[in-house]
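A short write-up of the structure that comes next.
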Amino acid sequence: MQIQNLTFFCGKDLGIGQVNYPPAFVDCIRADNDLGKLRIHQMEYNFREIEDRWQRRWKEERIYQVSNNSSKPKYYVLDMFPYPSGAGLHVGHPLGYIASDIYARFKRLQGFEVLHPMGFDAFGLPAEQYAIETGQHPALTTAKNIANFKRQLDRIGFCFDWSREVNTSDPQYYRWTQWIFLQLYDSWFNRSHQRAERIAGLIHIFETEGNLNQECPGDSSLHFSSGEWKTFGEKRRQGILMDYRLAYSGVGEVNWCEELGTVLANDEVINGVSERGGYPVVKKKLRQWYLRITEYAERLLSGLDTVNFSQSMKDMQTNWIGKSRGAEILFDLRVPGKEESKDIPELKVYTTRPDTIYGVDFMVLAPEHELVGQITAESKEKEVAAYLDYVNSRSERERLAEKAISGCDTGAVAINPFNSREIPVWISEYVLAGYGTGAIMGVPCGDERDHRFARHFHIPVTNILGDQYTGLEANPTKTAVLSNSDFLDGLVMTDAIETVIQRLELDGTGRRRVNYKMRDAAFSRQRYWGEPFPIVWEDGIAFPLKDGELPLELPHVEHYQPGPEGEGPLANISEWTDRNLETSTMPGYAGSSWYFLRYMDPHNEQAFCSREASDYWGQVDFYIGGTEHAVGHLLYSRMWTKALFDLGYIGHDEPYKRLVNQGMIQGSSRLVYRQKGTGLFVSAGKLASGAGPDLPYDTLHVEVSLVDGVSLDMEAFRHWKPDYQEARFITEDNGTYICGTESEKMSKSKYNTVSPDDIVDKYGADTFRMYEMFLGPVELSKPWDTKGIEGVYRFLKKFWRMFYSEDGKWLVTDAGAALEEWKILHRTIKKAAEDTERLSFNTAVSQFMICVNELTALNCHDKGILSPLLVTLAPYAPHISEELWRKMGHESTILDTPYPAYQESYLKEDQVNYPVAVNGRTRTEISFPAGTDHANMEQEILQNGIVRKWLAGKQPKKIIIVEGRMINVVV
RNA sequence: GCCCGGGUGGCGGAAUUGGUAGACGCGCUGGACUCAAAAUCCAGUGGUAGUAAUACCGUAUCGGUUCGAUUCCGAUCCCGGGCACCA
């Protein structure tokens, strides 16, 4: 028996009250009668010592380093890398990391070379906000936070290959973010080839044929011949090219957040306020950088068919892209008083329902529509101007909050190209400038909004739906038979759509058109803590820096205040402005759009990632992260991958083969109820029964660690905050104070965070890992509940007992195992392997528990059983497995062992118990030797007393025997 | 409003292809060990009736298909997530 003597600082007292030693650790400690001496029995399951030792050894032995030159098949397991916030990790964060870690270890045991890296998405707003408040440089706080994150992660025992760590704010990393940006800048999307190509090729096309075959994505009305191109000056040419580039600068309406002092991408704005901080967001016209992600809409959509994402994830992306099919229709315009004017252009509308063309009763333009000024009749000018003022006065938020019907007649009329009917043209804010053509045809009988609009302004409604239209509300059906529609009369609407489109194209009054909701992504931020753009402005022309000038390093600044006229802090620095460098920086998603590629070849100084490396590792086989990135990061990184693929830098055009979204672990908050304006706290039970005083109450969050279950430690509560020193309580009749509970997001301010550090301290990393998995399916969101962890902890202690006796003797023998034991082992291997493969980690943990319960009952200590069992457990509980594995005499890590194969022969039973049902209702059970002929079984079933009783003399119609499962006698 | 998920004991959840519903864990109850506590171990634990064997009911509700439905189909209710004037 090995005993370590330690001098313990708290003397005779075990110190449980004083230092609050975790119960699990106290288990391993027995007090000696000698003063101040404690004995630690190493043979108890001393997870602290085991975990510390192996974490150190693993690091020294570099067992997690993977090679790019392996002959093994590759497997790439990736976590969404974290933003290193100052708050550190709470128990919710590691959920996905544990799942991926188990899977990565499992794949390694199965013989794959597994890339499982980790890094940090280190640029972003919070670090900069913190810098503004405290003056601490973001680089400093970021480095500090990263160190803390790494420490926390390492304690959980992840198999990350830290030699491949990336940090998006490291110049050696963002040098390549800048480089990729320049590749996008130097590219355009060739629509006929459906892929990105170099700008040089586009210039060549312009020189030979103009842009007649290459519609300009930035300005569809732009047409020029090769001859015209040659006459254009440099500035004009660059302006045109800019309208084609995949990364481009342009003036546009952006989401401006005054509080944050920057623009935001559409997915960073939720209900008119910023995602981070919840500040109001307004539309503003600004010169910005954009990514022309809209050009990839079709490929982003079709690519979803080739990847394994959850249905909801695919739906979210599909909805965000928002593809719709319809037609563009041209209407001639007439403006009273401007009859003869020839410069009134046609009005172009987009509709998904060209079949309703005879039901058009009015047109509506977005207030921002470019034609509004030209077509407003003189008599209406005042009203239109007043309406535009009204629209401008309303913030985005107000518009979203109260969708009041408003609008103004412009006095102009549009001519229906099919029947020459004159239709009034209105403007209204319910029509969005940014979608379609910014103008719609109003069909009140078939569209709810159009109907409300027509009603509100007393526009007569034409019925083209026959009796399908009641006159009271619109009917958006697609299956009605058209009436009042001239040549379409009698056609079903769905068929009429095609008929109308063909007619429009024949007459030249319109064309088929596909539309997308998705807009180009705003790519610049007026902030400091991001990648600088490698762009120099000269005379309004953007010039990219050369490869040799990268990285363009972020300069050191003293202050983080915004620059003049909405520019970023970089505009305050003369060394920056003197060089005419772009003063905005890239958004948070820039660095995360390609980091999975950098992990493959992290130290390459010649390229962002060598082609050999990306060809070897290829797609991420298994990607895990939260749903919140559904339309941001995932779409952007898919686009970057496609562009890099098009340009020949990588060999695959979808980054992630399989995506799993882990659920959130919510905090379980505890609430106390204080009578308003007093120090009197009323217990939840008393409050609910109405026994408390009936003044209004404040509901306050209380630190969860002060509450055992729901009962509050009142003494600790008084000491918690000075405010509560004088707290008085109205308790339940048994003297306890019961708290209210609520499941909500873990956050410091709600005092409901639980740190993985505390759990690992108390129970160890292996228990923590298995418990998080045991809670339920990874995809599921669930509240954290520390109580249940005891069950998993008991399991590991029980497991330990199979190897060590209570007094520390090594129990493992070579004696050989009984058949029953082998059966248990092979069943466990099969189940654990299958469950792990299908990511059902919770049921795999259950299986281990069953196995250990059964083997313990059989008093099993055989090496032949325990060895393979350790290997199957290794992905879940790596420390204890490694410890016992090496104790068994193995020199190298358990991870280099092949995953055990199960033998089918052990899974077969000699006797099979069949439940016997009569008409589906289970009556009894009959046992047959495995493989009994069905005909023989039938005989025996009919002779069975209970079955005979149930048949009551009747002949069964048929007997259904489901092999190995059940027997049903149908009467 | 629209689009996805989902609804199973006191709780988290299991049931992989339509085949014994409630695995495993927590909690609870009783017991063993102990001067005592902790830890550990054993037994019980969906509901109703019964000493018991057992019987009946039971996977949100109603209906359908089937020898047999938590599983498939239809309707309704509720919960969660996403989108939301997208023409």
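The shown structure was predicted, so the numbers you read here are calculated from the model rather than taken from an experiment. Proteins get letters first, then strands, A, B, ... in listed order; numbering begins at 1 in each.
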Worksheet entry | B/S/- contact track for nucleotides 21-33 of chain B, protein heavy atom under 4.0 Å | --BBSSS------
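Remark: C1' of B/A84 and CG of A/L432 are 11 Å apart, rounded to the nearest angstrom. Going from atom CZ of A/R965 over to atom P of B/A69 covers 16 Å, rounded to whole Å. Rounded to an integer number of Å, the gap from CE of A/M313 to P of B/G81 is 14 Å. Protein atom CG of A/L839 is 17 Å distant from nucleotide atom P of B/G13, rounded to whole Å. If you measure from atom NZ of A/K957 to atom C1' of B/G68, you get 14 Å, rounded to the nearest angstrom. Between the CZ atom of A/R838 and the C1' atom of B/U16 there is a distance of 5 Å, given to the nearest Å. Between the CG atom of A/L304 and the P atom of B/C4 there is a distance of 15 Å, rounded to whole Å. With rounding to whole Å, A/H451 atom NE2 is found 17 Å from B/G1 atom C1'.
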Worksheet item: Passes side-chain contact (heavy atoms from CB on, under 4.5 Å), A/Y469 versus A/V461? Steps please.
Response: CA-CA 11 Å; A/Y469 173 65; A/V461 176; 3.5 Å; yes
Practice prompt. Under the side-chain contact (heavy atoms from CB on, under 4.5 Å) rule, what do A/L873 and A/L869 come out as? Steps first, then yes or no, please.
Written response: CA-CA 6 Å; A/L873 186 69; A/L869 192 57; 5.8 Å; no
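Among the heavy atoms of the strands lying under 4.0 Å from A/P777 are primed sugar atoms or P, OP1, OP2 only; no base atom is included. Using a 4.0 Å heavy-atom criterion, one finds that A/S310 contacts no nucleic acid atom at all. Within 4.0 Å (heavy atoms only), A/L775 reaches sugar-phosphate atoms of the nucleic acid but no base atom. A/K323 comes within 4.0 angstrom of nothing in the nucleic acid, heavy atoms only. Within the nucleic acid shown, A/M316 comes within 4.0 Å of sugar-phosphate atoms alone, with no base atom in reach, counting heavy atoms only. At a threshold of 4.0 angstrom between heavy atoms, the contacts of A/V431 include nucleobase atoms, whether or not backbone atoms are also involved.
Anti is the classification of B/G64, since its glycosidic angle lies more than 90° from 0.
One cannot find a donor-acceptor pair under 3.5 Å joining the base of B/U40 and the side-chain atoms of A/K798.
Using bins of under 30°, 30° to 60° and over 60° for the plane-to-plane angle, the ring pair A/F928/A/Y914 lands in the perpendicular bin. Below 30°, between 30° and 60°, or above 60°: for A/F768 and A/W784 the angle between ring planes is between 30° and 60°, a tilted geometry. In this structure, A/F848 and A/Y876 have perpendicular ring planes: the angle between them is above 60°, well past the 30° mark. Classification of the A/H629-A/H633 ring pair by plane angle, with boundaries at 30° and 60°, yields perpendicular.
Between A/M441 and A/K958, the residue anchored closer to the 5' end of RNA chain B is A/K958, taking for each the nucleotide with the nearest heavy atom. In this structure, A/S312 and A/N919 both approach RNA chain B, and ranking their closest nucleotides by distance from the 5' end singles out A/S312.
Pairing analysis of RNA chain B (Watson-Crick: purine N1 to pyrimidine N3 plus N6-O4 or O6-N4; G-U wobble: N1-O2 and O6-N3; both under 3.5 Å) yields stems of 3 or more pairs at B:1-7 with B:77-83, B:10-12 with B:24-26, B:27-32 with B:40-45, B:46-49 with B:54-57, B:60-64 with B:72-76.
The side chain of A/T351 has B/A87 as its nearest neighbour among B/A39, B/G13, B/A87. Closest to the side chain of A/Y435, out of B/U20, B/U16, B/A87, is B/A87.
Heavy atoms from other residues, nucleotides or ligands lying under 6.0 Å from CD of A/E925 number more than 12. Surrounding CZ of A/R838 are more than 12 heavy atoms belonging to other residues, nucleotides or ligands, all under 6.0 Å away.
Proximity of A/K797 to the phosphate of B/A39: no side-chain N or O atom is located under 4.0 Å from OP1 or OP2.
Taking the salt bridge (Lys or Arg N to Asp or Glu O under 4.0 Å) definition, one finds that A/K314 meets it with nothing, sequence neighbours left out.
No side-chain heavy atom of A/Y804 sits less than 4.5 Å from a side-chain heavy atom of A/L811.
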